[in-house]
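When reading the values below, keep in mind they use all heavy atoms of this one structure, side chains included, and skip hydrogens, waters and symmetry mates. If you're wondering where the values come from, they're calculated on a predicted model, not measured in any experiment.
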Amino acid sequence: MAFWKPGTEKPRFEEDGEGGIVFMSNNLASSSSSSYGYANIEKQRQRLPVYKYRTEILYLVENHATTIIVGETGSGKTTQIPQYLKEAGWAEGGRVIACTQPRRLAVQAVSARVAEEMGVNLGEEVGYTIRFEDHTTSGVTKVKFLTDGVLIREMMEDPLLTKYSVIMIDEAHERSISTDILLGLLKKVSQSNIVLVIQRRRPELRLIISSATIEAKTMFNFFNPSKKRHAPEGSAPGPKLEPAILSVEGRGFSVKIHYVEEPVSDYIRSVVSTILLINEREPPGDVLVFLTGQEDIETAIKLLEEEAHSNQKNSSGLLPLPLYSGLSRSEQDLIFTPTPRGKRKVILSTNIAETSLTLEGVVYVIDSGFSKQKFYNPISDIESLVVAPISKASARQRSGRAGRVRPGKCYRLYTEDYFLNQMPGEGIPEMQRSNLVSTVIQLKALGIDNILGFDWPAPPSPQAMIRALEVLYSLQILDDDAKLTSPTGFQVAELPLDPMISKMILASSELGCSDEIITIAAVLSIQSVWIIARGVQKEQDEAKLRFAAAEGDHVTFLNVYKGFLDSKKPSQWCYKNFLNYQSMKKVVEIRDQLKRIARRLGITLKSCDRDMEAVRKAVTAGFFANACRLEPHSNGVYKTIRGSEEVYIHPSSVLFRVNPKWVVYQSIVSTERQYMRNVVTINPSWLTEVAPHFYQNRQNAMSF
DNA sequence: GAGCACTGC
């Protein structure tokens, strides 16, 4: 065995001589298998591309505070690197190796795999933590997988993350808000002047950032300390502060890329004709199509079905299947059933298949070049979903989905010139496209006072920051000095919710309706309780009417929840009422969690029985900034009180076409119009009652 | 008359 062990001589490298960036030579390690019981698993592990770099990875981690590992999918880095670290002794002496993932499902899947490879029970030596599920054993767990959101929460208790020896941030290229917060915090922990003290106290803390090629340089620059601010290398003991970069190839099959010669004017029609072309000319293999949303997907399926009627030859054997998050579990499961003999599955998907779901059997990918992306306008404080061109990084990710089982083909419905010269290299980090109230609260709770000066991988706009501070100030979560108020601010930071929802819960304590409001809070913090009923909208509307409350959606949710609890067979009951059973189970789970936290915060759980005015007042106390008034003599046009934006009640709301004079909404979805989602009627006098500081200067605008 | 995708003590 030629593995390098910490403390011995340096292994062979190619160095570029520039500030510590190290690119690895591809020296193959000799393959030797252990003679113990897990020979088979050992062999499999050794066949992974990352295995060749084991020695180098351990060397770099030993000698650099931060190691950036660039690896394509299939390299095995996620499952292997934590094991290498453990084998090299990083988990000795009660220390823990952490590996974060952006998604819960990935955490569960990866930890199960690693436990199996190590021949241990999941939850013991290898464990995982996600919201609601802690499968770790204190003092026993040595390798721990967790979502990056959970690690941020852990930092609120233990800002220096003292129990960890190595923290691996996986999938950092996705640049989710949580990942970016973590990167900013970890840089602070491992490098800043204050924490240099900590580095001396625990010189063993190491970071591994795992990222796709395209983002590696960004990560390097972010973690490379400015030379001016730091003492010269060698004056302090411990690892080098300059990050190391190591590149690991993947194990995907080759994918041949096809471009269109001329830009297409209608990508849905192009998708359909490309599917027919593949079906006519290419050998068997499933097709995965990336479109922007449900509407695109349904249009494309309709066109395919029309084609099947008029031209049986080209479209014979095609099995079109939609895939997007709003589908029920059973509809999504159709995607994973084996393709029937002589058939060709055509999966028409949103971005969900880009990262969150892996589909086996896909050989052909069709990339429309677009996706729906979230954007935030700090002036109007409105987040919207906009169809926008994807980045090169996304395009590569999409085409890679064709090469998982054998060499594949990807048809890009844009020109090569566009890809090379116009397509942006990377997407805009989520941090720069979002409302930041939750982010600001989290940083404040971590004791970071200078939010505007925080060192982000991608700093958000000052306007967005200032807007978030304003909103938190108006909610009395921050005081005049932008510090957390006591107790409100600290309580809000404890609750894993949007601060407006948290404020609503705190208000309900005084209004005597916390029992109802906690249910509402749980429903508001998931996507939707309703399934997306294709072709049966009428039936769903009728089902909704059975729960509908004149007061609005929030009160309707209380009726839905009550019905769910009272039902004998909840899954059938949900199906009958066009409700998403998975979502309802999640509501129950979140509600339990909120109940526990509320109890700890000293909120007494109290029901207001039929007093829906208390419930509406509590909602107003959290969402007063989202108050709207119906324009007189208009057909359902509302104006926001704050910004006089023109908005409409969303057709999914029980108040659609009812158009009460005064409402508050939870959020806006901005498509062709700006629609208010989750709307409740209010009495405008409550606005000045619950938020006098916010409304005292707006009396004229309100004129009630 | 309409909903990209994730996530959190």
Side-chain angles (χ1 to χ4, degrees), chain A residues 100-107 129-134 146-157 171 174-179 181-182 290-298 323-327 349-357 368 370-375 383-388 390 394 427 430 433-434 438-439 441-442 445 491 493-499 501-502 525-534 537-538 540-541 580 586 589-590 592-601 636 648-653 656-657 667-673 675-678:
Chain A
T100 73
Q101 296 290 319
R103 280 170 291 279
R104 296 160 52 100
L105 214 69
V107 168
T129 309
I130 57 181
R131 190 182 188 182
F132 306 123
E133 286 179 50
D134 182 11
L146 67 173
T147 50
D148 34 26
V150 169
L151 191 60
I152 293 173
R153 284 282 160 186
E154 289 190 359
M155 287 185 89
M156 292 181 186
E157 298 289 305
E171 313 287 359
E174 287 188 23
R175 304 300 301 277
S176 71
I177 290 185
S178 298
T179 305
I181 293 177
L182 265 187
F290 285 101
L291 289 165
T292 66
Q294 184 197 354
E295 199 182 344
D296 276 6
I297 290 168
E298 282 174 4
L323 177 61
Y324 44 89
S325 72
L327 291 174
S349 173
T350 61
N351 260 352
I352 191 170
E354 201 177 297
T355 48
S356 305
L357 282 176
S368 66
F370 292 95
S371 70
K372 282 196 187 174
Q373 293 162 35
K374 185 172 71 181
F375 286 94
E383 282 183 339
S384 45
L385 281 174
V386 182
V387 173
I390 61 167
S394 279
E430 191 186 11
R433 299 182 283 116
S434 305
S438 293
T439 303
I441 270 285
Q442 287 188 333
Q491 290 176 321
E494 287 271 306
L495 288 156
L497 298 166
D498 179 303
I501 300 179
S502 305
S525 53
I526 61 159
Q527 291 255 11
S528 172
V529 290
W530 308 103
I531 58 155
I532 295 178
R534 293 194 306 133
Q537 281 92 341
K538 225 179 169 178
Q540 179 169 39
D541 285 351
N580 187 327
K586 205 159 181 182
E589 215 170 24
I590 294 176
D592 283 346
Q593 183 192 22
L594 296 180
K595 224 165 78 181
R596 282 199 303 275
I597 301 170
R599 209 173 282 143
R600 203 175 63 215
L601 295 178
Y648 297 81
I649 292 180
H650 196 279
S652 66
S653 170
F656 178 66
R657 285 205 277 243
S667 61
I668 296 260
V669 288
S670 181
T671 49
E672 258 144 62
R673 284 176 169 181
Y675 289 104
M676 300 181 268
R677 273 191 77 226
N678 298 335

Next item on the list: State which residues pass side-chain hydrogen bond (donor to acceptor under 3.5 Å, both in side chains) with A/Thr350; sequence neighbours excluded, sorted by chain then number.
Entry: none
Notebook entry, point to check: In whole Å, what is the span from the CD1 atom of A/Ile130 to the P atom of B/dG8?
Noted result: 7 Å
Check: So does A/Glu494 pair up with A/Arg600, basic N to acidic O under 4.0 Å?
Finding: yes
Next item on the list: Using whole Å, report how far CG of A/Leu146 lies from P of B/dG8.
Entry: 10 Å
Check: Quick one: side-chain hydrogen bond (donor to acceptor under 3.5 Å, both in side chains) partners of A/Asp541, sequence neighbours excluded?
Finding: none
Note to self: Check this for me, if you would: do A/Arg175 and A/Glu430 make a salt bridge, where the nitrogen-to-carboxylate-oxygen distance has to be below 4.0 angstrom?
What the structure shows: no
Notebook entry, point to check: Can you give one letter per nucleotide of nucleotides 2-7 of chain B, 5' to 3': B if a protein heavy atom sits under 4.0 Å from the base, S if only from the sugar-phosphate, - if neither?
Noted result: BBBBBS
Margin query: Salt bridge or not between A/Lys372 and A/Glu295? Use side-chain N to carboxylate O under 4.0 Å.
Written below: no
Checklist line | Whole angstrom value for the distance that separates P of B/dG8 from CD1 of A/Ile501 | finding: 15 Å
Next item on the list: Please name the residue in the list A/Ile177, A/Ile181, A/Val107, A/Thr179 that meets the side chain to side chain contact (heavy atoms under 4.5 Å, CB included) test with A/Asp148.
Entry: A/Thr179
Check: Atom CE of A/Met156 to atom P of B/dG8: distance rounded to whole Å?
Finding: 13 Å
Margin query: Nearest whole Å is fine: how far is B/dG8 C1' from A/Gln442 CD?
Written below: 7 Å
Item checked: Separation of B/dC9 C1' from A/Leu601 CG (nearest whole Å) -> 10 Å
Next item on the list: With heavy atoms under 4.0 Å as the rule, sort A/Ile177 into base, sugar-phosphate or nothing.
Entry: nothing
Check: Which comes earlier along DNA chain B counting from the 5' end, the contact point of A/Phe656 or that of A/Arg153, where each point is its nearest nucleotide?
Finding: A/Phe656
